[in-house]
Amino acid sequence: MAELPDRNLALDLVRVTEAAALAAGRWMGRGEKNAADQAAVDAMRLILNTIEMDGVIVIGEGEKDEAPMLYNGERLGTGCPPQVDIAVDPIDGTSLTARGGSGALSVVALAPRGTMCAPGKLVYMNKIAVGPEAVGHIDIDAPVEANLQNIARAKRRDVNDLTVMILDRPRHADLIKEVRATGARIRLINDGDVAAAISAATEDTGIDALLGVGGSPEAVITACALKCLGGEIQCKYWPRDESERQYAAENNVDLNRVLCLDDLVNSDNVFFAATGITRGELLQGVKYFGGGAQTSSMVMRSKSGTIRHIEATHRVDKLMLFSPIKYD
């Protein structure tokens, strides 16, 4: 007998990312990074606590302190089943939002309790991420040229047809030289490698792969999205200094181990939602008009393989009747 359909929590999550984007979007280009982040955090927490779930944040913003943030270990939801791990990034691209740059998102993901990787104090990973066509054709330990040749072969292209996204950081100087030597094109981004990896796994974005070192929490969030999209990510922890190497040794973390999709989120029932804050290739940003706003979101579930694109119109006067969040 076929399994009966069950509740798609991703449809609840899109309310979370919409609220965060609406609140943060008011700060676009105003140079107030912390104010934008706080607005998104407050809106996200408010809506997460209305969802029927017993949630614990595994990927948040560090340990609890006096700062307003969604912190690791925080419990959210109504306290009723299902029990879930939560990964949040109220603004993937906080600096982008503050500067008015393109491609900032609000993202949140859920998976069954105990299935998400918790990187702890190892806050960076080296990553390679691709979409469905190139699954099984990457190896993070292989040379850059070999990976790009294999990706191109899998996609039935030449290497010089590929476009690779890389964070624009000094640590990537050698990587950039290696990619350029292959003839592949490069899109350098200032922030937002979650959006970059999703773009690599989404048709019609023009992006074929994400390469380079970025945040470990973002790697877990990315893995949740790629579970839904059918893509692939491989990572290795990238300690910044001797203290992080010592932390890895004390916690029996093998720095040479390749972390694959199931190491980052070990479930086939993952829920993911993202809403654009500033306009990008993946999603439109928040558009305000007199008395309201429009949002663009992506909502996904790995179990069903369903990917929804939701364009929503919001009446600010209606929202302000019952919400303590300032959207106007």
Side-chain angles (χ1 to χ4, degrees), residues 37 41 48 53-77 82-90 92 94 107-129 138-142 167 169-172 175 191-194 196-197 210-227 231-272 302:
D37 198 36
V41 165
L48 279 169
M53 65 179 181
D54 178 4
V56 175
I57 292 185
V58 175
I59 300 297
E61 298 178 271
E63 301 302 324
K64 184 178 182 181
D65 57 19
E66 297 303 315
M69 61 184 184
L70 289 154
Y71 59 89
N72 295 342
E74 182 174 356
R75 302 189 78 94
L76 293 168
Q83 293 185 327
V84 294
D85 289 342
I86 307 173
V88 299
D89 197 344
D92 176 43
T94 310
V107 298
V108 62
L110 300 182
R113 179 71 53 80
T115 60
M116 283 188 189
C117 171
K121 295 181 180 179
L122 297 170
V123 297
Y124 282 93
M125 289 182 180
N126 190 23
K127 311 172 189 177
I128 179 170
I138 58 173
D139 179 356
I140 197 168
D141 287 329
L167 283 169
R169 300 288 189 272
R171 63 178 177 261
H172 290 147
L175 172 63
D191 292 289
D193 65 346
V194 173
L210 168 73
L211 294 178
V213 174
S216 298
E218 287 82 358
V220 178
I221 295 172
T222 296
C224 292
L226 294 182
K227 277 271 185 173
E232 182 179 4
I233 185 171
Q234 293 181 11
C235 306
K236 293 176 78 170
Y237 285 113
W238 192 80
R240 294 172 294 176
D241 50 35
E242 189 55 39
S243 67
E244 291 191 2
R245 292 186 185 89
Q246 183 64 31
Y247 172 85
E250 292 171 354
N251 289 273
N252 297 315
V253 176
D254 182 359
L255 296 177
N256 293 314
R257 181 187 174 196
V258 176
L259 300 175
C260 299
L261 206 54
D262 285 340
D263 298 308
L264 297 171
V265 55
N266 188 21
S267 172
D268 291 321
N269 193 22
V270 178
F271 306 89
F272 181 92
S302 65

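When reading the values below, keep in mind they use all heavy atoms of this one structure, side chains included, and skip hydrogens, waters and symmetry mates. Fair warning: this is a prediction, and the values are worked out from it, not measured in the lab.
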Exercise. Establish, from distance only, whether the side-chain atoms of N269 and S267 form a donor-acceptor pair under 3.5 Å.
Key: no
Quiz item: Do you know the tightest heavy-atom contact between C117 and Y237?
Solution: SG-OH, 3.6 Å
Exercise. Would you tell me whether E250 and Q246 have side-chain atoms, one donor and one acceptor, within less than 3.5 Å of each other?
Key: yes
Practice problem: Kindly give the heavy-atom pair with the smallest separation between G120 and V123, and that separation in Å. | Solution: O-CG1, 4.2 Å
Quiz prompt | Any donor-acceptor pair under 3.5 Å from D85 side chain to V58 backbone | solution = no
Exercise. Could you grab the distance from atom CG of L261 to atom CG of N266, nearest 0.5 Å is fine?
Key: 9.5 Å
Quiz item: Is the backbone of I138 close enough, under 3.5 Å, to the side chain of E232 for a donor and an acceptor to pair up by distance?
Solution: no
Practice problem: Would you check if the side chain of E74 reaches a backbone N or O of L70 as a donor-acceptor pair within less than 3.5 Å? | Solution: no
Quiz item: Has the side chain of N251 got a donor or acceptor atom that lies under 3.5 Å from a matching backbone atom of V253?
Solution: no
Self-check item: CG-OG1 distance between D92 and T94, expressed to the nearest 0.5 angstrom
Solution: 8.0 Å
Quiz prompt | Spacing of NZ belonging to K227 relative to OG1 belonging to T115, to within rounding of 0.5 Å | solution = 8.5 Å
Practice problem: Taking only Lys NZ, Arg NE, NH1 and NH2, and the carboxylate oxygens of Asp or Glu, determine whether K236 and D254 approach each other closer than 4.0 Å. | Solution: no
Exercise. Can you measure from CZ (R75) to CD (Q83) and round to the nearest 0.5 angstrom?
Key: 7.5 Å
Quiz prompt | Gap separating the CG atom of L110 from the CG atom of L76, nearest 0.5 angstrom | solution = 10.0 Å
Quiz item: Do W238 and R171 come within less than 4.5 Å of each other through their side chains, counting heavy atoms only?
Solution: yes
Quiz item: Is R113 reaching over with its side chain to a backbone N or O of D54, donor-acceptor style, under 3.5 angstrom?
Solution: yes
Quiz item: How long is the span from the CG atom in L226 to the CD1 atom in I233, to the nearest 0.5 Å?
Solution: 6.0 Å
